[in-house]
Amino acid sequence: GAGVSQSPSNKVTEKGKDVELRCDPISGHTALYWYRQRLGQGLEFLIYFQGNSAPDKSGLPSDRFSAERTGESVSTLTIQRTQQEDSAVYLCASSLAVAGGTGELFFGEGSRLTVL
Amino acid sequence: KNQVEQSPQSLIILEGKNCTLQCNYTVSPFSNLRWYKQDTGRGPVSLTIMTFSENTKSNGRYTATLDADTKQSSLHITASQLSDSASYICVVSAGTGGFKTIFGAGTRLFVKA
């Protein structure tokens, strides 16, 4: 597609339920990032995928959070046993990460998660 | 530790006025620095990119500066408009390929009529 697409745009769930958030990056972009943004706060890095390399999971806040990416396409972020503190906008970004590249991130519109 | 700090946290200005946002970073090895604009409820969008050798770059009413020696950058907005109300995020990329990105917390700008 023309841009990064995320779904759902809004998700309301009950505490303790699992949720899956999806990201379709720009075609051809080898790098994909997930960020969390709480209300009024900055972006918090969660995880980074680059091609077939092992993902950088250093930002995942707990083992309830996991993410997968199929090749250089779709990624899903899964949050198990959701808690109210997980309420935030989850932003996905992709970039054409090549050696010496500028690394511009192209963001989706985000998935707003509300845990009741 | 790689860090990006922005100031002020928030800023209120009148329409038509100028303003300058600051970004200090401790990121090594430095690859490039970008300023992103994030409108409320939207994803961030890149405004400018600064590489090590660049001092000033303009994009319409936005002018970014970079001092690689002091590790400081600024974003100057001229003749502000109501549509400039947004968060402005300084992002520094590290590494030879610029793959690792460190985000500042952003400056929230409010432009009032």
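Computed from heavy atoms alone, side chains included, the values below leave out hydrogens, waters and symmetry copies. Chain letters run A, B, ... following the sequence lines, proteins first and then strands; every chain starts at 1.
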Item to check | Spacing of A:L105 atom CG and B:F103 atom CZ [to the nearest 0.5 Å] | outcome: 5.0 Å
Next on the checklist: I need the minimum non-hydrogen distance between A:L91 and B:G43, along with the two atoms involved.
Outcome noted: CD2-CA, 4.1 Å
Item to check | Approximate separation, where rounding is to 0.5 Å, of A:Y48 OH and B:T101 OG1 | outcome: 8.5 Å
Checklist entry - Can you tell me if CD on A:E85 sees more than 12 non-hydrogen neighbours from other groups inside 6.0 Å? => result yes
Item to check | Joint hydrophobic cluster, B:L82 plus B:L11, side-chain heavy atoms closer than 4.5 Å | outcome: yes
Checklist entry - Between A:E44 and chain B, which part of the residue has a heavy atom less than 4.5 Å away: side chain, backbone, both or neither? => result neither
Item to check | CZ/B:R108: more than 12 non-hydrogen atoms of other groups inside 6.0 Å | outcome: yes
Checklist entry - Under a 4.5 Å heavy-atom cut-off, does chain B meet the side chain of A:F106, its backbone, both or neither? => result neither
Next on the checklist: For B:Q38, which atoms come within 4.5 Å of any heavy atom of chain A: side chain, backbone, both, or neither?
Outcome noted: side chain
Checklist entry - Mind checking whether A:L113 and A:V89 sit in one hydrophobic cluster, side chains of I, L, V, M, F, W, Y counted as touching below 4.5 Å? => result no
Checklist entry - Would one find more than 12 heavy atoms of other residues, nucleotides or ligands at under 6.0 Å from atom CD of A:E68? => result no
